[in-house]
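What follows is a set of notes on a single structure, which appears directly below.
Chain identifiers are assigned alphabetically (A, B, ...) following the order of the sequence lines, protein sequences preceding nucleic acid strands; residue numbering begins at 1 within each chain.
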Amino acid sequence: MTVHAQQLEFLSKILLSLPEKWHGLEDVETRYRQRYLDLIANPETRETFVTRARIIASLRRQLEARGFLEVETPMMQPVYGGAAARPFVTHHNTLDVDLYLRIAPELYLKRMVVGGIDRGSEINRNFRNEGISTQHNPEFTMLEFYQAYTDYEGLMDLSEELLRQVAIDATGGTAVEFNGHTLDFSTLRRLTMREAVQEYWPDAAKPSMEDISNPEWLARHSDKGSPGEALGDIFERVAERHLIQPTIIYEYPVELSPLSKQSVDNPAMVDRFEIYAAGMEIGNAYTELNDPQEQRRRFEMQLEMKQRGDEEAHQMDEDYVRALCYAMPPTGGEGIGIDRLTMLLTGNRSIRDVILFPQLRPEGAIGLARTLRALEAEPAGEAEPAVGLEG
RNA sequence: GACUCGGUAGCUCAGCCGGUAGAGCAUCUGACUUUUAAUCAGAGGGUCGCGGGUUCGAGCCCCGCCCGAGUCACCA
């Protein structure tokens, strides 16, 4: 084919050479630091972010169809809460107050429920001032949704429906390849935390369910201060990494769950579950504690833990307790980590591969000024090809 | 924070026993005119992550540091 060009217009300058086409850009540091090059050179990177958008759109569509109102709550909070994590601190000059970047939107979304918005959701960033790993970025995206007049069992069913459909919308089916495993999102297996400890106990001599409820047995197998914390500790060490297929783990110890409602038949446990897949926690849900007096006691328990040196213990949130005093209906609430879910549905093993611009250590001087000056110093005839070719 | 691995041209990488820094692609120039990474010829392109040390001589050996990845710890 021959093109008879009558005019040629340059749209933009390109001053640095692009990565090679055949191998693409493989250096992971460059891929993260200069994501624009990664997107240009590696089509599969672009595809990951297209899929990420489909995942979020699917969740939005499904929640909207069920009557959830999408809202936005503060990212800058005078009191941080809703999770156990160290926060980032910033300062507002005019008000002269320190504010925390939120570690979770939970307490505001439940204030919303108190106000009569019975179904509400939020998809946005949380910030946690903690380690960076293949599963942790300091800012990450969380879907949280709250539904009045349901409980954690209702949320188990809802979670199953949401995840099955989001897998279909993102990948075309419910079977997803991840790290050598085929994950089946058509159903969620349900196990109690104690059942999981028993099932994945490493020795042939498995503990009985009575053992796993026995404070002495728990104390023997963990150095944590309370039976509940010990159970959580043992579960994480024994079972968590084996939870490859999407699984619901339920019945959590009350010590680990200051915002969850206690089980009717066992006050040591709360009506809470987490969703695991590929050995990762991707969701967390519970029947919300809606008794203001009990909530105040739980916060006080957290304050004691803080005084004993637990940096991640919950702060007292007086206004939240005040809100509960106006009555929060029985409510179920859930959070799903969008980044980790995207990892699973796109086959990426690092959270950095599903966050467009992940957090990295500062790069230091780039030294581009000299390069640009050198290019400018070149003779105009070489640097600027003729424009306006006549055919 | 600990351990392991890595950092050489724009990109992907090689570099032996310590002896003049290489290839392919990309870029530029010329030729060619058959689109599906890869036609031919030629040219330009390097603070071998940074700093010290050993040595006649260090990309290579030693020490320190920086950056990254992975594993572990942490992240209930």
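- Rounded to a whole Å, the OH atom of Tyr286(A) is 12 Å from the P atom of rA76(B).
- Taking the six-membered ring where the residue is Trp, the centroids of Phe273(A) and Tyr250(A) are separated by 6.0 Å or more.
- Between Asp353(A) atom CG and rG70(B) atom C1' there is a gap of 13 Å when expressed in whole angstrom units.
- Backbone-only contact: Thr134(A) has heavy atoms under 4.0 Å from sugar-phosphate atoms and none from a base.
- Ring orientation note: the planes of Phe299(A) and His314(A) are tilted relative to one another, at an angle of 30° to 60°.
- Counting non-hydrogen atoms under 4.0 angstrom, Glu255(A) reaches nothing in the nucleic acid.
- A chain of hydrophobic side-chain contacts below 4.5 Å, direct or via other Ile, Leu, Val, Met, Phe, Trp or Tyr residues, connects Leu162(A) to Ile275(A).
- Heavy-atom distances to RNA chain B give each of Ser133(A) and Pro362(A) a nearest nucleotide, and the one nearer the 5′ end belongs to Pro362(A).
- The cationic atom of Arg272(A) (NZ for Lys, CZ for Arg) lies less than 6.0 Å from the six-membered ring centre of Tyr252(A) and within 45° of the ring axis.
- Taking the C1' atoms as reference points, rC3(B) lies 25 Å from rG52(B), given to the whole Å.
- Across all strands shown, Glu229(A) has no heavy atoms under 4.0 Å from either base or sugar-phosphate atoms.
- Met112(A) and Tyr80(A) sit in two unconnected hydrophobic clusters of ILVMFWY residues. Membership requires side-chain heavy atoms under 4.5 Å apart, directly or through other members.
- Spacing between rC66(B) and rG51(B) at atom C1', rounded to whole Å, works out to 10 Å.
- As rounded to whole Å, 13 Å separates atom C1' of rG70(B) from atom CD of Gln135(A).
- Using a 4.0 Å cut-off between charged side-chain N and carboxylate O, Arg86(A) and Glu312(A) make no salt bridge.
- Mapping Lys21(A) and Glu281(A) onto RNA chain B via the closest heavy atom, the residue that lands nearer the 5' end is Lys21(A).
- Across rG68(B) and rG49(B), the matching C1' atoms stand 11 Å from one another, rounded to whole Å.
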Secondary structure string for RNA chain B (Watson-Crick or G-U under 3.5 angstrom, | for other-strand pairs) | (((((((..((((.....[..)))).(((((.......))))).....(((((..]....))))))))))))....

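- With Phe68(A) as the aromatic partner, Arg66(A) does not meet the cation-pi criteria of under 6.0 angstrom to the ring centre and within 45 degrees of the ring axis.
- Using C1' as the reference atom, rA9(B) and rC13(B) are 11 Å apart when rounded to the nearest Å.
- Rounded to an integer number of Å, the gap from Arg31(A) CZ to rG7(B) P is 18 Å.
- For the pair Tyr276(A) OH and rA76(B) C1', the computed distance is 9 Å after rounding to whole Å.
- Residue Arg361(A) places at least one side-chain N or O closer than 4.0 Å to OP1 or OP2 of rG68(B).
- Under the 4.5 Å side-chain heavy-atom criterion for grouping Ile, Leu, Val, Met, Phe, Trp and Tyr, Ile248(A) is connected to Val166(A) within one hydrophobic cluster.
- In this structure, Ile282(A) is a member of the same hydrophobic cluster as Ile123(A), with clusters built from ILVMFWY side-chain heavy atoms closer than 4.5 Å.
- At the heavy-atom level, Asp27(A) lies under 4.0 Å from the strands shown only through sugar-phosphate atoms.
- You'll find the ring centres of Trp201(A) and His221(A) inside the 6.0 Å limit.
- Nucleotides rC61(B) and rG18(B) are separated by 8 Å at their C1' atoms, to the nearest Å.
- Looking at the side chain of Glu29(A), the nearest of the listed nucleotides rG10(B), rC67(B), rC13(B) is rC67(B).
- The separation of rC16(B) from rG7(B), taken at their P atoms, amounts to 13 Å, rounded to a whole angstrom.
- Among the protein residues, Gly24(A) comes within range of the sugar-phosphate backbone only, with heavy atoms under 4.0 Å from sugar or phosphate atoms but none that close to a base.
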Output one line per pair: protein atom, nucleotide atom from nucleotides 22-24 of chain B, and distance, for all N/O pairs under 3.5 Å.
unit_1, atom_1, unit_2, atom_2, d
rG24(B), N2, Glu20(A), OE1, 3.4

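- Side-chain contact check for Asp233(A) and Ser222(A): at least one donor-acceptor pair (N or O, by modelled atom type) lies under 3.5 Å.
- Rounded to the nearest Å, the gap between the C1' atom of rC60(B) and that of rA21(B) is 12 Å.
- rU36(B) and rG44(B): their C1' atoms are spaced 30 Å apart (whole Å).
- Of the candidate nucleotides rA76(B), rC11(B), rG68(B), rC11(B) has the atom nearest to the side chain of Pro19(A).
- Here rA73(B) presents its P atom at 16 Å from CD of Glu312(A), a figure rounded to the nearest Å.
- Note: CD1 (Ile132(A)) to P (rU71(B)) measures 15 Å, nearest angstrom.
- In this structure, CZ of Arg33(A) is placed 9 Å from P of rC67(B), rounded to the nearest angstrom.
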